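Side chains are part of it too, since the values below use all heavy atoms of this structure and drop only hydrogens, waters and symmetry mates. All of these numbers come straight from a predicted model, not from anything done at the bench. Letters A, B, ... mirror the listed sequences (proteins, then strands); counts begin at 1.
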Number of protein chains: 2
Amino acid sequence: MVKPMTDTGRRRAGLRTRPGPSLADVAARAGVSAQTVSRVSMGTANVRAETRARVLAAMDELGYAPNSAARALRSGSYGTIGMIAHRLSRTGESRTVEAVVEAARAEGFTVTLVDVESPSSDDVSAAATRLSHQAIDGLVIIRAETATPATLVLPPRLPVVVSDSRFVGHHPAVGADQTAGGRAAVEHLLGLGHRTVHHLAGPEDSTPAQVRAEAWRDALEAAGRPVPDLLRGDWTADSGYALGREVARDPDVTAVFCANDEMAAGLMRALHEAGRDVPGDVSVVGFDDIVLAAHLWPPLTTVSQDFAEIGRALVDLLLRQVREGTSLADVHTLVPVRLVVRASTAPPAA
Amino acid sequence: MVKPMTDTGRRRAGLRTRPGPSLADVAARAGVSAQTVSRVSMGTANVRAETRARVLAAMDELGYAPNSAARALRSGSYGTIGMIAHRLSRTGESRTVEAVVEAARAEGFTVTLVDVESPSSDDVSAAATRLSHQAIDGLVIIRAETATPATLVLPPRLPVVVSDSRFVGHHPAVGADQTAGGRAAVEHLLGLGHRTVHHLAGPEDSTPAQVRAEAWRDALEAAGRPVPDLLRGDWTADSGYALGREVARDPDVTAVFCANDEMAAGLMRALHEAGRDVPGDVSVVGFDDIVLAAHLWPPLTTVSQDFAEIGRALVDLLLRQVREGTSLADVHTLVPVRLVVRASTAPPAA
DNA sequence: CAACAGGATGTTAACGTAAACATCTGTGGG
DNA sequence: CCCACAGATGTTTACGTTAACATCCTGTTG
């Protein structure tokens with residue numbers, strides 16, 4: 001019986017594969033066995049220098065690239081992390097994505113990205129299932145805002161981390177210390193002499209928005225100050241602008257803590273248009289420290305989150321699970337935040 | 001000879017695989033052949049409804065998830081696009097990434113992301129090689145700014161698109177019509193009555209920066225206006241601020257076209273600080289239409305790029321190559337831009 | 001009633017790789 | 001001088017899947 005050839009020409013036509021040369025092709029050209037080529041390809045075992053050179057030359061001539069599917073099938077590891085995000089061009093999201101990609105690269109992993117229409121359990125669950133059909137070793141979920149631990153269904157046996165503290169106890173989580181950030185913002189404004197602080201909040205169904213609002217309320221109550229009605233925004237500068245027009249009409253408002261920088265920008269624009277001075281008439285604090293925060297007018301006092309650290313922590317927590325085969329469901333990493341004081345806050349007018 | 005078992009227990013220990021049940025396990029449980037399970041899994045061929053139900057039940061009980069490595073090895077397609085980007089939390093980058101992910105999803109593809117330290121040929125080439133070792137069907141390169149067609153080495157046989165018009169003729173490219181955008185910005189300012197327009201440019205080694213600067217120069221020359229010295233920034237708001245302090249001292253400057261919105265924000269801040277009114281004393285135009293552009297003070301007139309369309313075009317061009325096995329090296333898709341006039345531009349003071 | 005069509009299902013083989021084991025080569029010590 | 005040993009290399013096999021082909025069954029039709 002003829003031994004089946006493995007040369008490049010004989011590939012089946014129907015496959016829309018990209019039919020590069022295989023180990024066997026390189027082996028034939030270099031006059032060695034496929035296993036030796038594999039060893040050179042992985043850079044592992046003992047191969048004579050001259051043999052290695054011959055194999056490398058053959059690889060080069062044939063334009064050999066290892067077939068990752070076969071390699072993964074054989075080795076059981078893909079070198080890839082899956083990541084689910086929602087509206088990933090937003091500041092926090094894109095910076096977290098960047099940080100995770102960066103941290104993953106440092107560990108030799110690449111990142112496969114999926115964005116979901118909505119941060120609901122259904123959409124996130126579906127995305128997770130879809131990703132688990134791809135080649136991934138683990139899964140990072142960025143801010144599954146409206147999903148809950150009870151309704152979020154994840155593929156079995158797949159290591160997961162979530163950047164949402166609500167999932168503590170269900171999945172390992174990493175998050176910025178939003179509570180400390182909110183408290184710091186409020187205390188900074190009270191420390192300047194403001195009687196109380198208003199809050200421009202994010203959407204009701206968002207966990208970070210809830211946490212920041214709670215921190216605001218707690219800090220006011222702890223200081224024995226009156227707690228004004230909360231202003232409900234939706235993260236966008238537009239909503240900040242709309243609510244800012246109301247704020248501008250209310251002379252009682254001297255200090256506003258905004259749940260993110262974009263709403264703060266909208267708010268400040270509304271104040272400018274109404275002829276109210278920032279920080280002369282109204283002090284404004286944001287949250288996120290977006291790139292432009294320092295160059296808004298006036299430069300915005302805000303709470304800075306260390307996205308790089310969050311990314312590293314997410315990847316670290318995930319890869320520990322991937323490598324050890326364990327689950328770290330009860331681990332919760334809290335990354336500190338930092339209040340950056342700029343020119344948008346000042347003592348209230350006498 | 002005993003037929004080798006394929007049950008879940010007998011897996012080798014050394015492999016850090018995630019040893020889910022296989023087709024064979026499901027088949028055994030459902031009392032059918034592996035092939036039938038495969039058919040159900042793919043949803044393709046004719047399977048009796050009752051059999052299908054039994055197989056689905058077995059899958060469910062065992063928590064079966066298809067092994068994508070094996071599937072890809074067999075079928076030759078991964079359902080994944082590779083993407084290389086630089087500093088991907090920047091506005092243009094993150095919005096392009098989002099658009100590509102979105103467009104890819106619509107085609108049933110996921111996206112594997114790699115960011116590079118620098119947009120140089122070396123780094124991009126290395127990233128491409130690294131990605132080609134991963135499971136990808138094609139490659140999208142976002143703004144390989146300092147790389148050149150001559151020095152950029154890509155894996156053979158891998159379909160590629162580049163969002164950089166310099167690569168036309170070498171690789172299929174998609175880009176916004178930056179020239180038209182720059183021209184529109186300058187003509188808008190001249191149309192308001194300004195004698196000439198200054199330009200705050202991006203870094204020298206960036207193609208988009210070059211193209212925008214060229215468009216600025218051409219538009220001025222076409223109108224027979226003097227061409228002032230170009231102000232060289234680096235995309236950051238900080239550089240815009242630094243150059244803005246000089247601009248603020250020069251009463252001849254009445255109109256500035258900035259190569260991106262962030263530099264425009266820095267510039268406007270410097271003008272505010274110097275007591276120069278925008279647009280009363282100086283008109284400012286940006287480029288990109290970032291989310292905050294409408295809420296800067298004053299709201300920024302800028303050139304809006306259709307990132308969603310760019311993403312769609314990139315994915316379309318790439319998948320056509322993946323599916324047809326052809327290269328479309330000479331295709332160049334130019335996506336139109338749109339000038340958005342807001343409050344940062346006005347006729348010059350009398 | 002027999003042959004047949006056509007759908008449902010099973011069997012075989014191969015995708016490219018890497019682990020495990022087998023074999024070969026040269027070297028040094030007894 | 002021979003054998004033990006170690007390093008280099010080859011051979012075999014299995015990873016989980018799907019294409020191709022083979023087979024089986026059911027109902028229909030001449």
Side-chain angles (χ1 to χ4, degrees), chain A residues 1 3-8 10-28 30-52 54-55 59 62 64-78 133 135, chain B residues 1 3-8 10-28 30-52 54-55 59 62 64-78 133 135:
Chain A
M1 192 210 247
K3 192 180 171 192
M5 293 174 59
T6 320
D7 74 13
T8 309
R10 193 197 39 77
R11 297 279 149 66
R12 215 171 298 106
L15 290 189
R16 51 186 174 128
T17 182
R18 146 170 79 95
S22 74
L23 281 186
D25 301 318
V26 176
V32 297
S33 73
Q35 182 57 43
T36 297
V37 179
S38 170
R39 286 193 260 257
V40 171
S41 173
M42 290 193 298
T44 53
N46 299 325
V47 180
R48 201 155 44 105
E50 191 236 329
T51 307
R52 179 187 307 276
R54 212 166 64 240
V55 170
M59 283 179 172
L62 269 57
Y64 170 80
N67 180 311
S68 55
R71 185 169 274 186
L73 174 61
R74 195 59 194 126
S75 70
S77 170
Y78 301 95
H133 291 4
Chain B
M1 194 212 250
K3 192 181 170 192
M5 293 174 57
T6 319
D7 76 12
T8 309
R10 192 199 40 78
R11 296 279 148 69
R12 216 171 298 107
L15 289 189
R16 51 185 174 127
T17 181
R18 146 171 77 95
S22 73
L23 281 185
D25 301 317
V26 176
V32 297
S33 74
Q35 182 57 39
T36 298
V37 179
S38 170
R39 286 192 260 257
V40 171
S41 173
M42 292 194 296
T44 52
N46 299 325
V47 179
R48 201 155 43 106
E50 192 236 328
T51 307
R52 178 185 307 275
R54 211 165 66 239
V55 169
M59 282 180 174
L62 269 54
Y64 170 80
N67 180 311
S68 54
R71 184 170 274 185
L73 175 60
R74 193 57 193 133
S75 69
S77 170
Y78 301 96
H133 291 4

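The nearest whole Å value for the distance from the OH atom in A:Y78 to the P atom in C:dA18 is 15 Å. Nucleotide C:dC15 holds its P atom 18 Å from the CZ atom of A:R71, rounded to whole Å. If you measure from atom CG of B:L23 to atom C1' of C:dT12, you get 15 Å, rounded to the nearest angstrom. As a whole-Å value, the separation of A:L73 CG from C:dT17 C1' is 8 Å.
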**Request:** Take B:R39 and B:V55, measure what side chain to side chain contact (heavy atoms under 4.5 Å, CB included) needs, and give me the verdict at the end.
**Result:** CA-CA 10 Å; B:R39 286 192 260 257; B:V55 169; over 6 Å; no

**Fill in**
Contact string for nucleotides 6-11 of chain D, one letter per nucleotide 5' to 3', B = base within protein heavy-atom range under 4.0 Å, S = sugar-phosphate only, - = neither, reads --SBBB

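In terms of heavy-atom proximity, B:A34 sits nearest to B:L23 at O-CD1, 4.0 Å. For A:P21 against A:Y64, the heavy-atom pair with the smallest separation is O-CD1, 3.3 Å.
Of the side-chain N and O atoms in A:Y64, one or more sit less than 4.0 angstrom from OP1 or OP2 of C:dT17. Proximity of A:R74 to the phosphate of C:dA19: no side-chain N or O atom is located under 4.0 Å from OP1 or OP2.
Taken from CG in B:L73 to OG in A:S68, the straight-line distance is 9.5 Å, to the nearest 0.5 Å.
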Atom pairs, protein N/O to nucleotides 25-27 of chain D N/O, distance under 3.5 Å:
none

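A donor-acceptor pair under 3.5 Å is absent between the side-chain atoms of A:S41 and the main chain of A:V37, judged by distance alone.
Checking C:dT17, D:dA19, D:dT17 against the side-chain heavy atoms of B:S22 singles out D:dT17 as nearest.
Listed by chain and residue number, B:E50 satisfy the salt bridge (Lys or Arg N to Asp or Glu O under 4.0 Å) test with B:R54 (two or more places apart in sequence, or in another chain).
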